[in-house]
There are 2 protein chains.
Amino acid sequence: MLVTLKQIAEQLGISITTVSKALKDYPDVSKKTRKLVRETASLLHYKPNSFAVNLRTKESKIIGLIIPVIVHHFFSSVIKGIISQAEKKGYLVIILQSDESYELEKKQIDLLLSKRVDGILISLANGTGDFKHLTEIIEQETPLVMFDKIAKVVKCSKVIIDDRKAAYIATKHLIDIGCKRIAHFRGALLPQNSIDRFLGYKKALLDNNLEYDPSLIYVNECGDMSFEEGKENARQLLKDHKDVDGIFINTDLVAIGAMTEFAKLGVKVPEDISIVGFSNWFMSSVISPSLTTINQPGFEMGKKSFKILYKEIKDRKMNKSISYKEVVLDTDLVIRESTKRKL
Amino acid sequence: MLVTLKQIAEQLGISITTVSKALKDYPDVSKKTRKLVRETASLLHYKPNSFAVNLRTKESKIIGLIIPVIVHHFFSSVIKGIISQAEKKGYLVIILQSDESYELEKKQIDLLLSKRVDGILISLANGTGDFKHLTEIIEQETPLVMFDKIAKVVKCSKVIIDDRKAAYIATKHLIDIGCKRIAHFRGALLPQNSIDRFLGYKKALLDNNLEYDPSLIYVNECGDMSFEEGKENARQLLKDHKDVDGIFINTDLVAIGAMTEFAKLGVKVPEDISIVGFSNWFMSSVISPSLTTINQPGFEMGKKSFKILYKEIKDRKMNKSISYKEVVLDTDLVIRESTKRKL
DNA sequence: CTGAAAGCGCTTACAG
DNA sequence: CTGAAAGCGCTTACAG
């Protein structure tokens, strides 16, 4: 059986109170007792029962993370950032995958709250259009930090990139190299970053005297930003618009799907169509042609998100008031072979 | 504040005992009381305090997972398999990344044990050569299942593939298409699957009357199976052996690194050198030339590992004796463009 | 410096 | 059918 304070106390003929205090370095324990207790504890391989500690202290030292997809270069980088930072602070991380489903996301938040995690980190599912489940977290006084796919109206800390600006830069790059008819694969409609990237794309066109043509926007309402999605959109695009010479594609994986389809259909990238992706997945640097894309700092986003959450957990514990933060991380355009100046 | 049993009891003027029983569907509660209690509970949004439940029931409904790398196609697939299966059974998963370090792995096991997780799933770090920390898990009566990178000597359930056979088939494929001088990028020395894959490679050579030449084995002692590792090995190989016409490379990412370097140095794949990878990462299907590789079922491995762990947790709870299982999952050779019959 | 006692919020064996 | 009581293993305010 596992060792308890009681057993140490009995073995030494002292009280449980004193044992507990000695192990927690309370000043009102004699050096001699402290030493004795510590020795006995390590001899017996004593480990505090965290169930009891949790119940007493009302904290679990566990946080919850809900993420749309796990097998995903960007999101797995975020996970790594969160876990590595949490570990440093003595926190463990429970990970759940919402699979882009609002229903699942709701259930998972419920699960985490009933587990009494100390805080929650979330990147919203594409299907999430209602935010009651999120405000519930805050009402329960559980710190919440949203990252990447956020809801603007929810009052909590957020870690994001400037999607509008990044999309603007991506589109501007296509314009700069001479593209005249630029399509946009947008993905789902709802997520804030889908909205912002679209707005950035549109603004870049208008600022540069290019016509904005809604029929050049490809939306995948309930999509999952997959390779297949890219292939389908590419096929459709060739049917609809033979004159497109550039595409700004939401997420590298979709862009790679499109490029694969184009290669199959004999459309040359970048000669016929230049392509800019979004996210800078590792694979984008090793495919051929390599993909011009927006570098999105996943690891840093994860780290920063945990740091903010940690501070809120501490502040709440101290009964300090919490001021929500909104951190915007830098992105940059990585120019590779999929975009080339028109002659 | 959060609602407790006591509050429901007070509100209804009955005992805590009865409230608890009503909510847990004990048969010795009148229908009327049960209904009343349930209604009040849902009205007050009662959620059992899992800290108290844990302490009483001595289980956390949380399992721990230690994995060498997270940003990794195979391992993230395993994670997804584990989480999805665990969720079905009402378990949550804490994930830790060992970063291929034995020291970290040891600390993390300690952490998980002191958190009193109900079970542990692990794939060993490359650096792990000593297994005391693992036997300690078993001594503490915490169910343990190892997957992919296992330690043969540790007595617990395991979920693996037949690495030796898979490597044999990979190497045999190179022989069948006419390769005569086949190198092997092995990665680290210690992991069981590195050993087994090497043995499979060697046996394939010997069975087919090809000379086994130790200088054709490239080991990266403390390696991390990275893209860079593949590039370095490729460079070194060209210096050492100009006559190599095939390579069996441990892990796709290393293979892709090697292919990238070969492309840069003007070595043609598959014309000059045919390459077989291992793992079937998604990116292997979209690069050019696409990579022939061994498909390793990550998602299934994760699912199966959790299923076995779950059964052991249940059996232990029932005081049933536990018989350790060793499950071997199927792999298959996926032939793509990086291997081609010599003329 | 030491320890008895209360309490965190549940579950469950037992009595009535 | 209902409830008083013990106990899971800690922490900590309080008394001595």
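The sequence lines fix the lettering, A, B, ..., with proteins before strands; numbering per chain opens at 1.
Side-chain contact between Lys47(B) and Gln140(A): present, with at least one pair of heavy atoms (C-beta onward) separated by less than 4.5 Å.
Checking the phosphate oxygens (OP1, OP2) of dC1(C), no side-chain nitrogen or oxygen of Lys31(A) falls inside 4.0 Å. The phosphate of dG9(C) has OP1 or OP2 within less than 4.0 Å of a side-chain N or O from Lys58(A). Regarding contacts with the backbone of dA4(D), every side-chain N or O of Ser15(B) stays at 4.0 angstrom or more from both OP1 and OP2. For Tyr46(A), a side-chain nitrogen or oxygen approaches OP1 or OP2 of dC10(D) to under 4.0 Å.
Picking from dC10(D), dC8(D), dT2(C) the nucleotide with the shortest atom distance to the side chain of Thr18(A) gives dT2(C). Taking only side-chain atoms of Lys24(B), from C-beta outward, the nucleotide of dT2(D), dG9(C), dT11(C) with the closest atom is dT11(C). When the nucleotides dG3(D), dT2(C), dC10(C) are ranked by their closest atom to the side chain of Asp28(A), dT2(C) comes out on top.
Residue Tyr26(A) is classed as a sugar-phosphate contact, given heavy-atom separations below 4.0 Å to backbone atoms only. Within 4.0 Å of Ser20(B), counting heavy atoms only, lies at least one base atom of the nucleic acid. Here Thr33(A) lies in heavy-atom contact (under 4.0 Å) with sugar-phosphate atoms only. Within 4.0 Å of Asn49(B), counting heavy atoms only, lie sugar-phosphate atoms of the nucleic acid but no base atom. Heavy atoms of Thr4(A) sit under 4.0 angstrom from primed sugar atoms or phosphate atoms, though from no base atom.
Residue Lys21(A) places a side-chain atom within donor-acceptor reach of the base of dG3(C), judged by atom type and a 3.5 Å distance cut-off alone. Judged by atom type and distance alone, Thr17(A) reaches the base of dA4(C) through a side-chain donor-acceptor pair under 3.5 Å.
Rounded to whole Å, atom C1' of dC10(C) lies 12 Å from atom CD1 of Ile8(B). Atom CD1 in Ile14(B) sits roughly 14 Å away from atom C1' in dA4(D) (whole-Å rounding). Summarising the geometry, the separation between NZ on Lys6(A) and C1' on dA4(C) is reported as 15 Å, rounded to the nearest angstrom. The CZ-C1' distance, from Phe51(B) to dG9(C), rounds to 11 Å in whole Å. Counting to the nearest Å, the P atom of dG9(C) and the CD atom of Gln7(B) are 8 Å from each other. Residue Leu55(B) contributes atom CG, which lies 14 Å from atom C1' of dT12(C) at whole-angstrom precision. The interatomic distance linking Arg56(A) (CZ) with dC8(D) (C1') rounds to 14 Å, in whole Å. One interatomic measurement links the two molecules: NZ of Lys35(B) to C1' of dC1(D), which rounds to 18 Å at whole-angstrom precision.
Classified by interplanar angle (parallel below 30°, tilted 30° to 60°, perpendicular above 60°), the ring pair His72(B)/Phe75(B) is tilted.
At a cut-off of 3.5 Å, with distance as the only test, no side-chain donor of Ser101(A) or Ser98(A) sits close to an acceptor on the other residue. Donor-acceptor pairing under 3.5 Å is recorded for the side chains of Ser60(A) and Asp118(A). Of the N and O atoms on the side chains of Glu326(A) and Ser157(A), not one donor lies less than 3.5 Å from an acceptor on the other residue.
Helical stems involving DNA chain D, defined as 3 or more consecutive Watson-Crick or G-U pairs under 3.5 Å, span C:1-3 with D:14-16, C:5-12 with D:5-12, C:14-16 with D:1-3.
Residue Ser30(B) is the one, among Ser30(B) and Arg116(B), whose nearest nucleotide of DNA chain D lies closer to the 5' end (criterion: closest heavy atom).
We find that Asp148(A) and Lys158(A) are not joined by a salt bridge, their nearest charged nitrogen and carboxylate oxygen being 4.0 Å or further apart. Salt bridge status for Lys35(B) with Glu39(B): present, with a side-chain N to carboxylate O gap under 4.0 Å.
Listed by first and then second residue, the salt bridge (charged side-chain N to carboxylate O under 4.0 Å, His left out) pairs that reach into residues 89-101 of chain B are Glu100(B)-Lys149(B), sequence neighbours excluded.
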